[in-house]
Each structure stands twice: as C-alpha cells, then as structure tokens.
Engineer: 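First the structure, which I've put down as structure tokens, then a few questions once you've had a look.
One-based numbering, in listed order, for ligands and for the atoms of each. In this chain, residues are counted from 1 in sequence order.
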Amino acid sequence: MSKKVALVTGAGQGIGKAIAERLAKDGFAVAVLARHADKLNEVVAEIEANGGEAFAVTADVAKRDEVFAAVDQVVDHYGDLNVMVNNAGVAPTTPIDTVTPDDLDYVYGINVGGTIWGIQAAHAAFKKLGHPGKIINATSQAGVVGNPNLTVYSSSKFAIRGITQVVARELAEEGTTVNAFAPGIVKTPMMYDIAHQVGKNAGKSDEWGMQTFAKDIALGRLSEPEEVASAVAFLAGPDSDYITGQTLEVDGGMQFH
Ligand SMILES: NC(=O)C1=CN([C@@H]2O[C@H](COP(=O)(O)OP(=O)(O)OC[C@H]3O[C@@H](n4cnc5c(N)ncnc54)[C@H](O)[C@@H]3O)[C@@H](O)[C@H]2O)C=CC1
Ligand SMILES: CC(=O)C(C)=O
C-alpha cells in the first residue's frame with residue numbers, strides 16, 4: 001500500500017522539523033515547506049538517512065498563490081495529500097504600546113493568513129483527489145489565555161482556534177477533520193528569541209524572560225519539540241478520526257479546562 005502524504009509548513013527548524021521527522025517515522029511520505037530551501041534540504045537528508053521519504057517545497061505561507069503552488073507541487077510529486085499541518089508562525093514581542101500597523105500585517109499575514117491559505121489549498125487538493133483529509137493547525141497556550149507582551153501573536157493564535165472550529169464544521173460533511181495543537185513553552189529558536197526580548201525589555205536576563213512564561217508549568221520543565229510532534233502524530237493518525245474542531249493542549253499543564 002502506498003504511503004499517506006503529509007505536508008508540514010515551517011519545517012526547517014523547531015516544532016515543524018520535529019513534526020516532519022515524527023510523521024516520516026510513522027510511515028508518512030512527508031513534504032516539508034519553508035521560505036528557503038537550505039534548512040529544508042538538511043531536514044530531507046536527515047529523514048532520508050533514517051529510512052524515511054521526504055520532499056522540500058519553498059513558499060511564503062502569507063502568499064496565497066505560493067501556498068497553492070506548493071501544494072500542487074506536492075500532489076504532483078507524491079500523487080496524493082492526506083494531512084496538512086499549518087505549523088509556520090512568527091512571534092515578535094509586542095508590548096501593547098509598541099504595536100504598529102506593520103506588526104499586525106506581518107503577524108496576521110503569516111499566522112492567520114498562512115493558516116487560511118494552507119487550509120484552502122489542502123481542501124482544494126482533497127477535493128481534486130476525491131477523498132477527505134486531516135488539517136492540523138498550530139495555535140499556542142498563548143491562544144488559549146492572553147500572554148503579556150504578545151498582544152499581536154497571542155491574538156493571532158486565538159484566531160487560529162476560531163478558524164479551526166469554523167472550518168471543522170464546514171468540512172465535517174466531507175469527512176475532513178480540522179484540529180489544532182497548542183504547545184506550551186518549547187525549546188525552539190522562536191521561544192528563546194521571545195525570552196531574550198522580554199528579558200532585555202525589562203533589563204533582565206534571558207532566563208528571567210523565559211521564567212515569566214515557564215513559572216506556571218505544572219510539570220516543571222520546558223517542552224521538547226518532539227513532545228509536541230507526538231500530539232500532532234496522534235491528530236494525523238487514525239486514532240483521532242472521531243475528533244474534530246478541537247485544540248489539543250501540549251503544555252505540561254499550563255492550562256486546565
Ligand atoms: N516555541 C514555542 O514555545 C511555541 C510555538 N508555538 C507555535 O508552533 C509553531 C512552530 O513554532 P517554533 O518551531 O517554535 O518556531 P520557529 O521560529 O523555531 O520555527 C518556525 C518556522 O516557520 C518558518 N516560517 C516563518 N514564517 C514563514 C512564512 N511566512 N512562510 C513559510 N515559513 C515560515 C520559519 O522559517 C521556521 O522554519 C508556530 O506556529 C508557533 O507559533 C506555539 C506555542 C509555543
Ligand atoms: C511562543 C508561544 O506560543 C508561547 C509563549 O506560548
């Protein structure tokens with residue numbers, strides 16, 4: 001039987017890279033997407049060295065045409081698409097008084113626009129291929145509860161939970177599921193950058209900046225990207241077939257509902 005195909009955006013580093021590696025281990029043929037090919041080629045090489053199958057496509061997820069072209073390339077290459085992981089995101093530190101129109105355009109263009117274009121392009125492919133699929137979107141614990149210093153980012157991640165619920169209802173009839181994952185404080189370049197900025201703005205250390213986010217993690221430690229990838233693997237696989245419209249929180253116990 002041929003492999004199921006997953007496309008992961010923002011897969012050059014951090015959580016996206018871990019997701020791509022995990023899905024390849026789980027038997028998916030994986031397409032990895034980012035703006036530049038260099039890091040993607042390294043991810044492809046690593047996956048192939050471990051016996052997996054991977055293919056790199058470049059696109060800026062904020063640009064609808066580029067996302068559609070990338071999805072078409074993946075379908076041409078593998079002949080199928082089953083899972084779309086809209087993981088790419090950006091998170092500049094934006095204390096409320098500093099927020100500019102450019103900040104909104106930049107963050108909403110990538111985080112919100114990129115998720116919507118990814119969903120549209122994947123759905124168009126599922127329709128053309130004549131089968132349903134699974135759409136998985138990256139939100140955040142900061143999309144479940146407001147985080148200080150992250151007005152623009154945090155609100156964009158609230159939007160992603162909203163989009164996930166709306167589209168889950170719209171596509172349910174076709175059998176396509178739409179879910180989100182909400183990481184906590186994960187050891188990636190994004191999180192180290194935020195910790196640095198928040199520390200710097202307060203005249204304190206990076207570790208102090210990190211602790212402003214990490215102090216309430218019940219399990220008492222930061223997350224590895226692979227721990228988020230495990231949850232995404234569940235949402236991408238058959239064990240989650242009866243789950244849609246949900247946000248799976250993978251935060252070591254930051255939020256309880
Ligand atoms: N690191 C953390 O603690 C948390 C991260 N998240 C979310 O998880 C996702 C992944 O985050 P990290 O791996 O930490 O971030 P990261 O910054 O380490 O990696 C993000 C990747 O997305 C790519 N990317 C950014 N803008 C893009 C664009 N316009 N087009 C294509 N690719 C683009 C980057 O090049 C990079 O490869 C993001 O959506 C983030 O908001 C959510 C909660 C916590
Ligand atoms: C970057 C992020 O999503 C945080 C701090 O939750």
Engineer: Would you please determine whether Pro189 falls within less than 4.0 Å of ligand 1 on a heavy-atom basis?
Structural biologist: yes
Engineer: Looking only at protein heavy atoms, which one is nearest to atom 6 (O) of ligand 2, and what is the separation?
Structural biologist: Gln141 NE2, 2.6 Å
Engineer: Nearest protein heavy-atom contact for atom 44 (C) of ligand 1: which residue, which atom, what distance?
Structural biologist: Gly184 O, 2.9 Å
Engineer: Below 4.0 Å from ligand 2: does a non-hydrogen atom of Pro183 turn up there or not?
Structural biologist: no
Engineer: Using distance alone, decide if ligand 1 has a nitrogen or oxygen within less than 3.5 Å of any nitrogen or oxygen in Asp60.
Structural biologist: yes
Engineer: Where on Met191 is there a heavy atom closer than 4.0 Å to ligand 2, on the side chain, on the backbone, on both, or on neither?
Structural biologist: side chain
Engineer: Check each heavy atom of Ser140 against ligand 2 and say whether those closer than 4.0 Å belong to the side chain, the backbone, both or neither.
Structural biologist: side chain
Engineer: Would you call Arg22 and Glu226 a salt bridge, taking side-chain N to carboxylate O under 4.0 Å as the test?
Structural biologist: no
Engineer: Identify the protein heavy atom lying closest to atom 1 (C) of ligand 2, giving its residue, its atom name and the separation to 0.1 Å.
Structural biologist: Ile194 CD1, 3.4 Å
Engineer: Check Lys17 with Glu21, please: is the shortest side-chain N to carboxylate O separation under 4.0 Å?
Structural biologist: yes
Engineer: Should the pair Glu174-Lys127 be classified as a salt bridge under the 4.0 Å nitrogen-to-oxygen rule?
Structural biologist: no
Engineer: What are the atoms of ligand 2, with element, lying closer than 4.0 Å to any heavy atom of Phe213?
Structural biologist: 5 (C)
